[in-house]
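Accompanying notes for the structure given below.
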Amino acid sequence: MSKNISVVDLFCGCGGLYEGFKQAGFKASVSNDIWEPAFKTFVRNNNSTPFVLGDITDLEIKKKIIQEGKGSKVLIGGPPCQAYSMAGQRNVDDPRGKLFEDYLEIVNNIRPEFFVMENVKGLLSMEHDKQKLNPAEKKELNKIKSLENDKIDLMLKRKQSKNTNKIKFSIKEEEKLEEIKKKLKLLKINTSNLRVKVTETIKKRFLDLGYFVEIKVLNSANYGVPQKRERVIIIGSHNGLNINFPEPVYLERKDTFNEEIFRKNHPNWITVKEAIDDLKNKSEDVSFNHVFTKCGDDFKKKIKNTPIGKSVYGGFSDAYFRCPPDEPSRTVKENHGGVFIHYEKDRFMTPRELARLQSFDDHFIFEGSKSQILVQIGNAVPPKLGYSIAEVLKENI
């Protein structure tokens, strides 16, 4: 197999997905992102790759990407996931949820043999409004949207009230929230024909262009990433080319006799401790992205009193969470700076430790402020997951 198969990398961020493809023998014909700190990181680690910095919805930016990407075998990248995330507001009118239209347009112009889209699991249950509705249907849909917005507002307020004493969530508000949920459930049963699943729309739109699409949820831990990060992977192929997903290489540790026989050819999931234990006593090193978070004495006491498997604040599930050392971590997020707590040291994990949990090699250096670096790491596709996908695609090209 020849190396340097050409790939177009959209919504590339700091370059996690491409890092995996690069390790599998692909070379970017062009990459694109809108955020300058991510661009600086990408260029530092891929200084020979053409990069178009700017908004993909801008006609001139899109034209440059298409010109540079002509003839590429593969197109990769996931549109921003905020509109689809189960953790977000999941607003069906969020314009970020429609950026796949720009992705679709570029695929149609470049005509790669394969494309790969990555997104959060919430994409599977996300719906968009149907385009052709009569006046009565539009009225019903607006009623649903109004209730959904009220539900979002109340749920946000309830979440905020758990994390601060300044905001109160009353019993009446709780009752109102439950009433709205019941109304929405009933309305959605009777008006299920007003919306269509995003995944079905994606399949249909690409099929119209001659691309067959398959969708699967992959757990990053199964591919050597010390993190139980589940992501939807959408692969499309042109003119009937085979679509294969990578088989798990690593599997969850089990103690039963039969499981051990079944898994004898598979190493166990890589644990947090295996990934970062050698860094626990390392001095701060800014050039290595091993940067400590400063916090006050009160917060230090709270960290010290937080057991493994718990969060510093009870209202959070992932933020300020002290990771168990003997299993992969939960999904790495930037969490507005409230990242994981070290399993042994009474401190936040450093960006380098979090990058290790995302399977970035130590030679990969991030540019920007610490907060910008945390966003880049949290938004990235784990390179080892990207590598596994790329290896399978390579066999079919």
Side-chain angles (χ1 to χ4, degrees), residues 11 34 55-58 78-105 117-164 167-208 213 215 217 230-232 234 315-318 331 333 335-336 379:
F11 307 101
I34 194 172
D55 186 347
I56 198 172
T57 65
D58 182 276
C81 65
Q82 291 93 331
Y84 304 144
S85 173
M86 295 295 288
Q89 296 183 6
R90 292 168 59 83
N91 181 353
V92 295
D93 294 320
D94 190 326
R96 294 172 300 186
K98 298 182 175 70
L99 279 171
F100 95 90
E101 294 282 354
D102 299 287
Y103 187 104
L104 182 105
E105 184 180 348
M117 290 178 68
E118 177 269 354
N119 222 298
V120 293
K121 278 182 70 177
L123 179 70
L124 296 180
S125 57
M126 187 69 184
E127 296 178 330
H128 279 175
D129 302 341
K130 283 189 175 178
Q131 295 298 308
K132 296 180 181 179
L133 298 173
N134 62 43
E137 289 172 330
K138 287 180 180 178
K139 186 177 179 181
E140 284 300 305
L141 186 58
N142 287 334
K143 191 187 298 183
I144 290 173
K145 287 184 178 182
S146 178
L147 286 170
E148 285 175 335
N149 287 332
D150 291 342
K151 176 186 170 185
I152 288 167
D153 291 340
L154 286 168
M155 289 183 72
L156 283 174
K157 185 176 180 182
R158 183 172 67 177
K159 184 177 180 180
Q160 290 168 349
S161 71
K162 290 180 178 180
N163 301 323
T164 176
I167 298 174
K168 301 295 181 184
F169 195 75
S170 67
I171 295 174
K172 283 189 176 181
E173 287 172 317
E174 188 67 55
E175 291 173 348
K176 184 180 179 182
L177 179 58
E178 291 305 311
E179 184 182 344
I180 288 172
K181 287 180 179 179
K182 288 177 183 177
K183 285 182 179 178
L184 277 173
K185 188 175 181 180
L186 185 60
L187 276 172
K188 287 181 177 180
I189 290 172
N190 296 330
T191 58
S192 58
N193 62 329
L194 302 180
R195 286 176 174 160
V196 62
K197 284 189 175 295
V198 170
T199 50
E200 292 306 310
T201 299
I202 291 173
K203 284 181 179 180
K204 184 179 184 304
R205 297 296 302 281
F206 278 113
L207 189 59
D208 290 342
V213 170
I215 301 174
V217 176
E230 291 186 306
R231 285 296 184 268
V232 169
I234 303 170
F316 294 117
S317 57
D318 294 319
T331 299
K333 304 172 184 175
N335 272 325
H336 305 289
N379 288 343

- Item | Closest approach of Pro79 to Asn119 (non-hydrogen atoms, all atoms of both residues) | O-ND2, 3.4 Å

- salt bridge (Lys or Arg N to Asp or Glu O under 4.0 Å) against Lys204, all qualifying residues, sequence neighbours excluded: Asp208

- Can you see which heavy atom on Glu174 is nearest to which on Phe169, and at what distance? OE1-CE2, 3.3 Å

- Message: Would you say CG of Leu186 has more than 12 non-hydrogen atoms from neighbouring residues, nucleotides or ligands within 6.0 angstrom?
- Response: yes

- Lys168 bridged to Glu173 by N-O distance under 4.0 Å: no

- Of all heavy-atom pairs linking Leu187 and Glu140, the shortest is CD2-OE1, 3.6 Å

- Please step through side-chain contact (heavy atoms from CB on, under 4.5 Å) for the pair Ile215 and Lys203, ending with a clear verdict. CA-CA 9 Å; Ile215 301 174; Lys203 284 181 179 180; 3.8 Å; yes

- If you measure from CE on Met117 to CG on Leu123, what distance do you get to the nearest 0.5 Å? 7.5 Å

- Item | salt bridge (Lys or Arg N to Asp or Glu O under 4.0 Å) against Glu137, all qualifying residues, sequence neighbours excluded | none

- Message: Over 60° means perpendicular and under 30° means parallel, so tell me whether Tyr103 and Phe11 are parallel, tilted or perpendicular.
- Response: parallel

- Query: Atom CD1 in Ile34, atom CD1 in Ile56: separation rounded to 0.5 Å?
  - Reply: 9.5 Å

- Task: Before accepting this row, confirm whether a basic side-chain N of the pair Lys181/Glu178 lies closer than 4.0 Å to the acidic partner's carboxylate O.
- Result: yes

- In terms of heavy-atom contacts, Lys333 and Asp318 come closest through NZ-OD2, 2.8 Å

- With rounding to the nearest 0.5 Å, note down the distance linking CG in Asn142 to CD in Glu148. 11.0 Å

- Which heavy-atom pair separates Leu194 from Leu141 by the least distance, and what is that distance? CD1-N, 3.9 Å

- Item | Separation of Leu147 CG from Lys182 NZ (nearest 0.5 Å) | 14.0 Å

- Is it true that Lys176 and Glu179 make a salt bridge, defined as a side-chain N closer than 4.0 Å to a carboxylate O? no

- Message: Rounded at 0.5 Å granularity, tell me how far CD in Glu101 sits from OG1 in Thr201.
- Response: 9.0 Å

